[in-house]
Amino acid sequence: MAELTDLSLLEAAGALRAGAISSTELTRACLDRIEAIDGDVSAFLTVTEDLAMAQAEAADQQLRTRSDTPRPFVLGIPIAIKDVLCVEGVPTTCGSKILEGFRPPYTATSVTRLVEAGAVILGMANTDEFAMGSSTENSGYGVSHNPWNLARVPGGSSGGSAAAVAARMCFAALGTDTGGSVRQPAAFCGVSGLKTSYGRVSRYGLIAYGSSLDTVGGMARNVADLAPIFSLMAGHDPLDSTSVADAVPEIHLNGADLSKLRIGVPKEYFIEGLQPEVETAVRAAIEAFREMGAAVREISLPHTDLALPVYYIIAPAEASANLARYDGVRYGPRLGPGLYPEDYFVTRGELFGAEVKRRIMLGTYALSAGYYDAYYGQAQKVRTLIKGDFEAAFQEVDLIACPVTPTTAFGIGAHGDDPLSMYLEDVFTLPANLAGIPGLSFPVGFDSEGLPIGMQFMAPHLGEAQLFSAAHAYQAATSWHTGWPEL
Amino acid sequence: MTRFEPVIGLEVHAELLTQSKMFCGCAVVDPTFAEPNSSVCEICTGMPGTLPVINQRAVEFALRVALALNCSIAETSVFARKNYFYPDLPKGFQISQYDLPLATNGWIEIQDASGAPSTKRVRIRRVHLEEDTGKLLHHEQHSLVDYNRSGVPLLEIVSEPDLLSVYQARQYSLALRSLLRYLEVNSGDLQKGVLRFEANVSVRPTGSEELGTRTEIKNLNSFRALSRAVEYEIDRQTALLRSGKPVVQNTVGWDEGRQVTVPQRSKEEAHDYRYLPEPDLPPLHVEAAWVDRVRAALPELPAAKRSRFMTEYGLSAYAAGVLTADRPVADYYEAAVESAVESENETLPLKIANWLSSDLFGLLNEADIEIDQSNVTSEALVRLVSMVENGRISAASGKTVLEVLFKEGGSPESIVEERGLAQLEDQASIRPIVDQVLSDNPDQLAEYLAGKAALSEWFLGQIMRATQGKADPAAARAELDAALLDLDEIQSSR
Amino acid sequence: MALTIEEVRAIARLARLQLTAEEEERFASQLSDVLDYAARLREVDTSEIPPTASVLPMSAPLRPDEVRPCLPREQLLASAPDSEGGLFRVPRVLELEP
Ligand SMILES: [Zn+2]
């Protein structure tokens with residue numbers, strides 16, 4: 001047998017069920033690999049070795065016990081958690097100094113559901129501070145590196161999760177996606193990443209950034225591996241008032257009839273600035289779908305160019321309120337002269353990073369007296385138009401196919417101190433968040449430097465099943481997802 | 001000299017008597033007994049990642065109040081974040097309602113002048129739901145934060161500036177308190193801070209239609225503070241205007257110790273609350289059927305009860321007001337009248353009202369307890385009043401019986417029996433006492449017989465004293481007169 | 001539109017952020033860039049368009065009024081920078097309640 005860490009999640013699950021391997025062995029293999037290579041990648045902020053081994057032993061117990069009910073695929077499978085999802089007793093920092101030392105007294109619903117199904121938690125994966133960023137360079141605890149080229153960013157904000165999956169330190173990882181934070185790093189790292197529909201997976205325990213946009217998602221080495229993660233996490237949660245009551249569809253990976261599939265290709269997503277190799281690879285992948293029987297047509301999402309300004313008003317506005325609780329009273333460090341309200345200013349001024357402060361300022365401004373209507377109010381209205389674009393498009397097509405990012409992974413430090421140019425990295429991923437629809441990013445090629453290229457499918461709200469079957473059909477016919485970086 | 005009149009609007013914050021908090025399952029606890037931070041969780045302390053879920057009963061209680069205040073209920077209302085920093089506010093924002101509140105445009109009737117039957121209608125601008133904050137305890141060098149109160153459902157009731165005197169402001173606040181207690185949504189216990197007031201006060205030349213510059217008085221936690229603070233502000237503003245100085249719009253606090261208002265911040269540094277719709281809560285839809293159910297289940301409200309008591313029981317406006325201010329009192333009174341229904345004495349309801357509002361209230365106040373904690377059942381009170389009315393005991397004895405009942409409970413009849421308080425009505429029992437008094441006071445008797453007729457009153461007093469008030473005064477007088485007449489005749493026949 | 005240093009200071013004050021002079025300068029220019037970029041939103045005619053606060057066409061779910069177990073106080077205070085006798089300890093708060 002090859003290295004245990006080279007198995008896919010479903011292969012490992014099969015081996016566990018067959019008794020060929022134990023979860024303890026599998027978990028130990030992951031921990032060893034983290035030990036060996038994470039010094040170079042820096043995907044993890046915290047490795048929960050003791051917790052992981054205890055969970056692995058519990059999983060092995062279960063695996064040894066005869067059971068008539070089918071075992072969850074994740075039973076005994078080591079996974080990583082983006083460090084914005086609360087795990088009881090485990091340092092959860094959001095990549096921020098302001099949450100240093102915070103150990104939540106409760107666990108996020110999405111994580112709980114996986115843990116209850118027997119998943120093993122290896123640790124907390126690096127993220128841009130409070131998920132604000134596209135590179136993990138904004139983490140308060142150092143940048144993560146792209147396993148395909150350590151001088152490149154892994155993307156962000158769920159960069160640690162993507163890097164950990166790509167570097168085979170875990171079999172899957174949870175991420176969150178507010179403006180592309182699962183799909184973009186998945187594309188940069190050559191893994192498959194799912195952004196779920198807004199309301200599909202509970203946000204309870206997801207430390208909020210932009211509450212009307214935040215979603216929990218997952219990353220794995222292929223689309224099939226993502227299916228059990230999605231199926232377990234999804235579903236109504238009474239603790240989240242925005243969690244939908246709709247039943248979670250069964251994911252049928254095989255036997256999709258692509259001849260009935262209508263794919264729309266939005267012309268607004270093939271713009272100046274799109275790296276030619278990315279366009280070529282994405283168009284080739286779309287062509288592959290046509291060859292497999294799908295009907296492909298060009299569509300228009302006319303308000304696409306407004307998504308970025310809408311996002312960069314709405315998300316910071318919500319963030320400015322969401323991040324008001326970090327005041328050094330109940331958790332996290334407190335700095336300052338020991339006076340009120342000076343300590344508030346010093347604590348927040350010193351412990352938030354530059355990008356977080358910028359977005360808090362932007363959001364505070366957009367909500368302040370005299371500016372609300374011009375910025376926040378107007379952004380909410382334009383959001384309606386963007387959502388309407390998708391609703392109209394999905395009258396005619398089942399899925400929308402487009403690039404995930406304008407370029408492949410950029411170099412660490414490439415955007416310097418130019419936030420606006422960094423924001424432009426999210427231009428293809430933001431619209432799905434504004435519309436609340438699901439998106440799936442999967443590898444469709446490499447550029448001349450050997451960096452992965454991703455394509456995304458978007459589906460109507462709650463249309464995850466369609467994403468899975470189409471993307472899986474592609475992966476069944478191609479092998480872009482099977483390679484991995486040498487480390 | 002120009003005369004000025006005040007214009008007052010009140011914002012009332014009322015905690016709702018739900019079992020659990022507004023957005024989490026923590027118990028709503030009595031702050032006087034609960035250990036600090038003993039009823040808190042990750043949600044009401046604003047831990048990262050937590051989310052609110054609305055308490056249905058809080059909405060229902062709010063609907064009760066809004067309907068009782070004759071408001072229109074919004075089919076869709078929206079929760080909003082009110083952003084400001086303060087250590088007792090764990091999320092850095094308060095979940096409240098802003099441009100789309102639960103209810104708007106209502107009114108309540110208040111008594112306009114003391115004892116008068118005339119009423120004034122005060123318009124209610126809005127009623128909305130929000131969450132309470134935690135509590136700060138201040139020390140010399142530091143402050144301590146307790147989040148037990150954080151997240152307790154809070155109802156904000158905002159009046160239009162319709163109140164034109166301190167008296168009206170007080171009547172309005174009393175009427176609201178009474179209403180909230182009737183609806184069983186708030187204990188009305190101001191000392192525990194479950195009901196708090198903020199007053200917007202301005203003055204203007206009498207007759208003017210325009211509103212003057214207003215100040216907002218925060219943190220008024222008693223009716224007394226409300227009246228005093230509003231009065232102070234009216235005087236202060238009037239004095240300013242009289243001397244030609246402008247009133248500065250600002251927020252002031254009431255300094256209980258010094259009995260003055262203190263400026264907190266002026267308009268320039270006013271807070272910018274940066275309201276935004278709460279993204280963690282979809283809009284609240286209240287179905288018409290739900291509103292109808294709540295409306296149908298509303299109890300008879302104080303104003304309606306007051307007028308019914310006046311017409312049905314012949315009570316004065318004042319007495320009806322007193323007996324309907326509190327639902328337990330009104331219920332007690334009605335139960336009493338109900339149990340007296342057999343009586344042919346049509347004035348009994350009136351008499352019961354007197355005994356209740358003067359004598360029993362006095363005892364309740366003294367003992368500082370509520371009527372439903374008292375030993376005196378409504379039935380016992382009726383039997384007691386009936387005994388006084390039919391002359392079985394004297395009014396004075398009645399008070400004694402009530403005191404015993406209040407202290408020890410039991411039945412009024414057995415107390416009368418045990419203590420021998422029944423009136424001496426028959427000649428046989430009174431005559432010997434009359435004879436005794438006359439023979440014990442030969443000097444006074446001699447004077448009487450010599451023509452000092454006024455002494456008969458003195459003798460009557462001696463008799464009443466000798467019987468410890470048990471003698472029926474009419475019967476005693478008859479016996480005394482008879483005895484004196486006898487003596488008179490004996491003397492003249494000599 | 002360019003934000004002035006004074007505006008940046010006012011926003012930072014509202015947001016309770018202490019900024020260095022260098023940060024004030026930098027944020028003034030960076031935030032101005034973003035706001036300039038966002039200015040294109042104002043060119044869109046939205047007079048007939050309702051705002052989208054949430055993408056979900058749902059009504060807020062209501063929870064039965066039931067008491068659930070609270071958090072043990074030790075757990076609540078475990079991450080606090082300072083506490084005393086079961087309460088969170090903060091510098092003496094002088095300003096009255098906002
Ligand atoms: Zn709670």
Side-chain angles (χ1 to χ4, degrees), chain A residues 101-103 105 198-199 212 238 241-242 244 305-306 308-310 312-313 320 324 327-334 338-346 348-350 352 354 357-358 360-362 364-365 368 374-375 377-385 387 417 419-420 423 434-436 461, chain C residues 3 7-8 10-20 23 26-27 30-31 33-63 71-72 74-83 88-95:
Chain A
F102 174 59
R103 289 169 188 259
Y198 187 79
S212 76
S241 297
T242 62
V244 297
D305 68 322
L306 295 171
L308 190 71
V310 167
Y312 278 98
I313 296 297
S320 72
D327 55 9
V329 173
R330 292 160 303 281
Y331 35 76
R334 175 158 76 225
L339 295 171
Y340 177 89
E342 286 83 348
D343 284 8
Y344 269 67
F345 285 90
V346 179
R348 292 167 60 80
E350 302 244 323
F352 281 138
K357 282 190 273 192
R358 256 191 305 266
I360 290 175
M361 301 267 294
L362 195 54
T364 302
Y365 181 75
S368 62
Y375 289 103
Q378 178 70 353
Q380 281 195 325
K381 290 178 178 176
V382 179
R383 185 177 183 181
T384 307
L385 295 172
K387 187 165 164 267
D417 195 22
L420 190 55
Y423 297 170
L434 293 171
H461 190 238
Chain C
L3 284 181
E7 284 172 308
V8 166
I11 301 164
R13 184 157 176 81
L14 261 181
R16 295 284 191 277
L17 293 170
Q18 175 174 283
L19 301 182
T20 62
E23 279 176 317
R26 194 151 42 93
F27 287 175
Q30 289 172 338
L31 295 178
D33 288 350
V34 179
L35 291 172
D36 278 342
Y37 190 78
R40 66 181 65 186
L41 289 179
R42 272 182 277 173
E43 289 157 22
V44 186
D45 178 7
T46 54
S47 48
E48 304 291 313
I49 309 295
T52 294
S54 165
V55 295
L56 300 173
M58 62 191 283
S59 149
L62 301 176
R63 165 180 69 81
L71 204 57
E74 312 77 67
Q75 263 186 293
L76 174 77
L77 295 165
S79 294
D82 197 3
S83 67
F88 293 91
R89 191 184 157 116
V90 295
R92 163 94 174 145
V93 179
L94 295 168
E95 186 183 290

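Lettering of chains follows the sequences in order, A, B, ..., and the numbering in each one begins at 1. Not measured: the values here are computed from a predicted model. Computation of the quantities below employed the complete heavy-atom set of this structure, encompassing side-chain atoms and omitting hydrogens, waters and symmetry-equivalent molecules.
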Spacing of [X] atom [atom1] and [Y] atom [atom2] [to the nearest 0.5 Å]:
| X | Y | atom1 | atom2 | value |
| --- | --- | --- | --- | --- |
| A/Glu350 | C/Thr20 | CD | OG1 | 9.5 Å |
| A/Met361 | C/Glu23 | CE | CD | 9.0 Å |
| A/Ser241 | C/Arg63 | OG | CZ | 9.0 Å |
| C/Arg13 | A/Thr364 | CZ | OG1 | 13.5 Å |
| C/Ser79 | A/Arg103 | OG | CZ | 8.5 Å |

Per-residue contact mode, [X] against chain C (heavy atom under 4.5 angstrom):
| X | result |
| --- | --- |
| A/Ala435 | backbone |
| A/Ile313 | side chain |
| A/Lys387 | side chain |
| A/Thr242 | both |

Need one label for [X]: side chain, backbone, both or neither, based on atoms under 4.5 Å from any heavy atom in chain A.
| X | result |
| --- | --- |
| C/Leu19 | side chain |
| C/Phe88 | side chain |
| C/Ala78 | neither |
| C/Ala15 | both |

Less than 4.5 Å apart, side chain to side chain, heavy atoms only: is that true for [X] and [Y]?
| X | Y | result |
| --- | --- | --- |
| A/Leu362 | C/Leu35 | yes |
| A/Arg358 | C/Gln30 | yes |
| A/Tyr423 | C/Val34 | yes |
| C/Leu17 | A/Tyr344 | no |
| A/Leu420 | C/Tyr37 | yes |
| A/His461 | C/Leu56 | yes |
| A/Arg334 | C/Val90 | yes |

Which heavy atom of [X] sits nearest to which heavy atom of [Y], and what is that distance?
| X | Y | answer |
| --- | --- | --- |
| C/Arg92 | A/Tyr340 | O-CB, 3.5 Å |
| C/Ala53 | A/Ser212 | O-CB, 3.7 Å |
| C/Pro50 | A/Thr384 | O-OG1, 2.5 Å |
| C/Ile49 | A/Lys381 | CG2-O, 3.3 Å |
| C/Pro91 | A/Gly338 | CB-O, 3.3 Å |
| A/Gly328 | C/Pro81 | O-CG, 3.1 Å |

**Prompt:** In a check of side-chain hydrogen bond (donor to acceptor under 3.5 Å, both in side chains) between C/Thr46 and each of A/Gln380, A/Arg383, A/Gln378, which one passes?
**Reply:**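 In the set A/Gln380, A/Arg383, A/Gln378, the residue that makes a side-chain hydrogen bond (donor to acceptor under 3.5 Å, both in side chains) with C/Thr46 is A/Gln378.
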**Prompt:** Under 6.0 Å from the six-membered ring centre of A/Tyr375 and within 45° of its axis: does the NZ or CZ of C/Arg42 meet both?
**Reply:**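 The answer is yes; both the distance and angle limits are met.
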**Message:** Please identify, among C/Leu71, C/Leu77, C/Leu41, the residue contributing the most non-hydrogen atom pairs under 4.5 Å to chain A.
**Reply:**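 Top option by heavy-atom pairs under 4.5 Å: C/Leu41.
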**Prompt:** Most heavy-atom pairs under 4.5 angstrom with chain A, which of C/Ala12, C/Ala60, C/Ala10, C/Ser54?
**Reply:**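 Option with the top pair count is C/Ala12.
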Interface residue of largest heavy-atom contact number with chain C, from [options], under 4.5 Å:
| options | result |
| --- | --- |
| A/Gly101, A/Gly332, A/Ser320 | A/Gly332 |
| A/Leu339, A/Leu308, A/Val329, A/Ile360 | A/Val329 |
| A/Leu306, A/Val244, A/Asp305 | A/Leu306 |
| A/Gly349, A/Gly199, A/Pro309 | A/Pro309 |

**Request:** Check step by step if salt bridge (charged side-chain N to carboxylate O under 4.0 Å, His left out) holds for A/Asp417 and C/Arg26.
**Result:** CA-CA 9 Å; A/Asp417 195 22; C/Arg26 194 151 42 93; 3.3 Å; yes
**Request:** For side chain to side chain contact (heavy atoms under 4.5 Å, CB included), just list the numbers for A/Ser368 and C/Leu14, CA-CA rounded to whole Å, side-chain angles, deciding distance to a tenth of an Å, and then say yes or no.
**Result:** CA-CA 9 Å; A/Ser368 62; C/Leu14 261 181; 4.2 Å; yes
